[in-house]
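By convention in this document, chain letters (A, B, ...) are assigned in the order of the sequence lines, proteins followed by strands, and residues within each chain are numbered from 1. None of these values were measured; they are calculated from a predicted model.
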Protein chains: 2
Amino acid sequence: MAVKENLRPGGRSARVQASVHKAVRELLAEMNRAEVTIPLIAAKAGVTPSTIYRRWGDLQELLADVAVERLRPDMQPIDAGSGKADLEAWADQYAEEMSSGPGREMIRDVLAAQTGENACKCAEYTRQQIAFIADRARARGEIFPDVDAVMDQVVAPIIYRILFGDVPDSARVRDLVARVVNTSG
Amino acid sequence: MAVKENLRPGGRSARVQASVHKAVRELLAEMNRAEVTIPLIAAKAGVTPSTIYRRWGDLQELLADVAVERLRPDMQPIDAGSGKADLEAWADQYAEEMSSGPGREMIRDVLAAQTGENACKCAEYTRQQIAFIADRARARGEIFPDVDAVMDQVVAPIIYRILFGDVPDSARVRDLVARVVNTSG
DNA sequence: GCATAAACGCAAATAATTTGCTTTTGCCAC
DNA sequence: GTGGCAAAAGCAAATTATTTGCGTTTATGC
């Protein structure tokens, strides 16, 4: 029940997808997640429920689809002067966004979907952000840890803690960054 | 819709819970997860659907309840002679179990539930296993990293990779263990 | 333009969920 | 033990969600 990727910009399919996504975002903003249903979304989006069922299969897939969209980074990591500072700033903001109520729900939505496709995409976004920081650092002549090492030692602990009940604070995030940066050189 | 913890061993509630759990395990073993429904579980367990709805709320909560039960470690970590060897053996088995099809599904079930309660419990099980290994190592006079360090640098990367589409192999797990053990002393 | 296939709307049929009420069960005081 | 009480389960009706068949619209290629 995967959603087509190749939608002509102005086609009907694209319009339906846009209005459904919009309806989901608005409903999630104004009510509890447990109360959001497909008939409700359909009514708000101006389509029939069967359209949504046929395109997305079920609510979880649709929510995952919307969530991964919202998890896509909308800007490149800020330049804080050094690779370590860049990574610290990025990780701190990442941890804060992801541990917020909406952030947690989006991660859960992405993971709850049957197909792991969206989860992959989500991790890929993160990896690209880190690769960007790494490239910039190396262009400055700095040594910078491998992207995999950062994923393992910074991103994974942050997400693990968020998912399994803990909220990582700034101090802990700084520690994670310090460790990976120090052991790389 | 949390399930009561204090059930008298032979009480009716305990019997219903046991038969429902059993029905879920059997159904998950013999059919696709998407096809498992509450009415089906109820029929197999010999109870009415409304009983399940009232006790667990929805399918996700019930699945999470069953999954966390199955994720509880049934034995203590094997003694491989040293802390590092113990941790390697444990992590390798852990990664293998969790990245298997059923393992992945159980993690996802636990995380998909609305209440993070089950996820916490799950992380707590893991933490206890690691604490056991750490205590045993220290009782031998070894130095051993902090439990938090192991959670961050070994468990979190393993789970992150499983959740976000990658499958960690033995070599990588060994690397993770080597790193945390080496940087601790 | 016209044929074609994919996507959608509509509505009927099926299945799941909720709910009010009754009955059963286990527990506690007596 | 017996009876009262509260919690949990059964039952069935009402509601809501999901699936499906079929006709219509829409975009696309010829």
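Here dC10(C) presents its C1' atom at 15 Å from CD1 of I52(A), a figure rounded to the nearest Å. Computed from coordinates, the R55(A) CZ to dA6(C) C1' distance equals 11 Å when rounded to whole Å. Atom CZ of R15(A) is separated from atom C1' of dT25(D) by 11 Å (rounded to the nearest Å). Counting to the nearest Å, the P atom of dA17(D) and the CD atom of E61(A) are 19 Å from each other. One atom, CH2 of W56(B), and another, C1' of dA9(D), lie 12 Å apart when rounded to the nearest Å. Atom P of nucleotide dA16(C) and atom CG of D58(B) are separated by 15 Å, given to the nearest angstrom. Here the C1' atom of nucleotide dA6(C) and the CD atom of Q17(A) are 15 Å apart, to the nearest Å. Atom CD1 in I38(B) sits about 15 Å away from atom C1' in dT19(C), given to the nearest Å.
When distances are taken from the side chain of S13(B) to each of dA8(D), dA17(D), dC8(C), the shortest belongs to dA8(D). For T48(A), whose side chain is taken as the heavy atoms from C-beta onward, the closest listed nucleotide among dG10(D), dC10(C), dA17(D) is dC10(C).
Remark: the R55(A) side chain and the Q17(A) side chain contain an N/O donor-acceptor pair separated by less than 3.5 Å.
A donor-acceptor contact under 3.5 Å links the side chain of R54(B) to the base of dG20(C). The base of dA7(C) sits with one of its N or O atoms less than 3.5 Å from a complementary donor or acceptor on the side chain of R12(A).
Here the closest heavy-atom approach between residue D152(B) and residue P157(A) is recorded as O-CG, 3.3 Å.
Judged by closest nucleotide on DNA chain D, E35(A) is the one of E35(A) and S50(A) placed further toward the 5' end.
Note that the CZ atom of R138(A) and the CD1 atom of I143(A) stand 10.0 Å from one another [nearest 0.5 Å].
You'll find the side chain of F164(B) reaches within 4.5 Å of the side chain of L111(A), heavy atoms only.
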